[in-house]
2 protein chains.
Amino acid sequence: MNIEEKLICEAKVKVLKALAHPTRLWIAEQLADGERCVCEFVDAVGVDFSTVSKHLSVLKEAGIVEDEKRGKQVYYRLKVPCVLKFMHCVEAVIEDQIKDRARLKEHLF
Amino acid sequence: MNIEEKLICEAKVKVLKALAHPTRLWIAEQLADGERCVCEFVDAVGVDFSTVSKHLSVLKEAGIVEDEKRGKQVYYRLKVPCVLKFMHCVEAVIEDQIKDRARLKEHLF
DNA sequence: TTCATATTTGGCAATATAGCCAAATATTAT
DNA sequence: ATAATATTTGGCTATATTGCCAAATATGAA
């Protein structure tokens, strides 16, 4: 792994890390249906307003969402919708695991 | 976000977290070219043997790779190759950011 | 059996992340 | 101007992650 490869990996990792949190992933998935303001997530997620705000800024820093202030509210929307299409593969990994576990169960019992 | 949604998000997050580390991502990408044993990564990555082993076990726990012991060596291979195909989207996010930065630069100078 | 090699595991210190509270900021309504 | 609402920021503690070292385990070689 040379320096250039390392830098590229770190850039990709920033995006992956941003999505690698249950609340942030859920927020990103909700945004697939259209933009939402911060307060809408506060009620839905059940954590502090400041926590939601910070989660959104992580997604923004990673380039996954963009924000727009309109009046008192700040609206967030997906900037790169493919981030959710690519989740299909993550789901495939999970389904694979479920199958493996089922196979193991059959072998044991 | 109800309990079921939360559980599903946590399962997906496990996969994302496993890839969200420069060394682990690089390892996963190398495995696209075929299986490798642990020691091959130790030399290439330049961290402790035990560290590489732990990284590989994180990838294994997440269901991304599988291992097979042959002789003294343990060989790892990609179990779900799409995890790398889905990285194309992550790359798209990064390219988007680069374009944004270029645009900003043009506006300022 | 004894030795060398390949790998995993346990434990520890350093660092990063999450989430709460309080304070700062911005915008609209009164 | 004052108040109320929406959001961000700073600071703090709790928890999680990383990576090293040393020890344990497994396998093939001598």
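Letters go in sequence order (proteins before strands), and every chain restarts at 1.
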Nucleotide [N], atom [atom2] - distance to [atom1] of [X] in whole Å:
| X | N | atom1 | atom2 | value |
| --- | --- | --- | --- | --- |
| B:L56 | C:dA6 | CG | P | 15 Å |
| B:E68 | C:dT7 | CD | P | 13 Å |
| B:D43 | C:dA6 | CG | C1' | 12 Å |
| B:K14 | D:dA16 | NZ | P | 15 Å |
| B:E35 | C:dA6 | CD | P | 16 Å |
| A:R36 | D:dA6 | CZ | C1' | 18 Å |
| B:I27 | D:dG19 | CD1 | C1' | 13 Å |

| task | Can you pull out how bent the helix from C:dT1-D:dA30 to C:dT30-D:dA1 is, comparing the axes over its first five and last five pairs, to 10°? | result | 20°
Close side-chain approach of [X] to [Y], heavy-atom, < 4.5 Å:
| X | Y | answer |
| --- | --- | --- |
| A:K17 | A:K14 | no |
| A:M1 | B:Q30 | no |
| B:L59 | B:L19 | yes |
| A:E5 | A:N2 | yes |
| B:E29 | A:C9 | yes |
| B:E91 | B:H88 | yes |
| B:L25 | A:E10 | no |

Strictly distance-based, threshold 3.5 Å: is any side-chain N or O of [X] a donor or acceptor partner for the main-chain N or O of [Y]?
| X | Y | answer |
| --- | --- | --- |
| A:Q97 | B:A62 | yes |
| B:R24 | B:A18 | yes |
| A:E40 | A:E35 | no |

| message | Under the rule for salt bridge (charged side-chain N to carboxylate O under 4.0 Å, His left out), what residues qualify as partners of B:K6, not counting sequence neighbours? | response | none
Distances under 3.5 Å only, N/O to N/O: pair up the protein atoms with those of nucleotides 11-21 of chain C.
unit_1: C:dG11; atom_1: O6; unit_2: B:K54; atom_2: NZ; d: 2.6
unit_1: C:dT17; atom_1: OP1; unit_2: A:K17; atom_2: NZ; d: 3.2
unit_1: C:dA18; atom_1: OP1; unit_2: A:R24; atom_2: NH2; d: 3.2
unit_1: C:dA18; atom_1: OP2; unit_2: A:R24; atom_2: NH1; d: 3.4
unit_1: C:dG19; atom_1: OP2; unit_2: A:H55; atom_2: NE2; d: 2.6
unit_1: C:dC20; atom_1: OP2; unit_2: A:D48; atom_2: N; d: 2.9
unit_1: C:dC20; atom_1: OP2; unit_2: A:T51; atom_2: OG1; d: 3.2
unit_1: C:dC20; atom_1: N4; unit_2: A:K54; atom_2: NZ; d: 3.0
unit_1: C:dC21; atom_1: N4; unit_2: A:S50; atom_2: OG; d: 2.9

| query | Which pair of non-hydrogen atoms, one from B:G63 and one from B:V80, has the smallest distance, and what is that distance? | reply | O-CG2, 3.6 Å
| remark: Sorted by chain and number, sequence neighbours left out, side chain to side chain contact (heavy atoms under 4.5 Å, CB included) with B:A11 holds for A:I94
| Taking protein heavy atoms under 4.0 Å as touching, what does nucleotides 24-30 of chain D look like 5' to 3' if B marks base contact, S marks sugar-phosphate-only contact and - marks none? | --SBS--
| request: May I ask you to list the residues of residues 73-80 of chain B, by number, that have any heavy atom positioned under 4.0 Å from an atom of DNA chain C? | output: B:Q73, B:V74, B:Y76
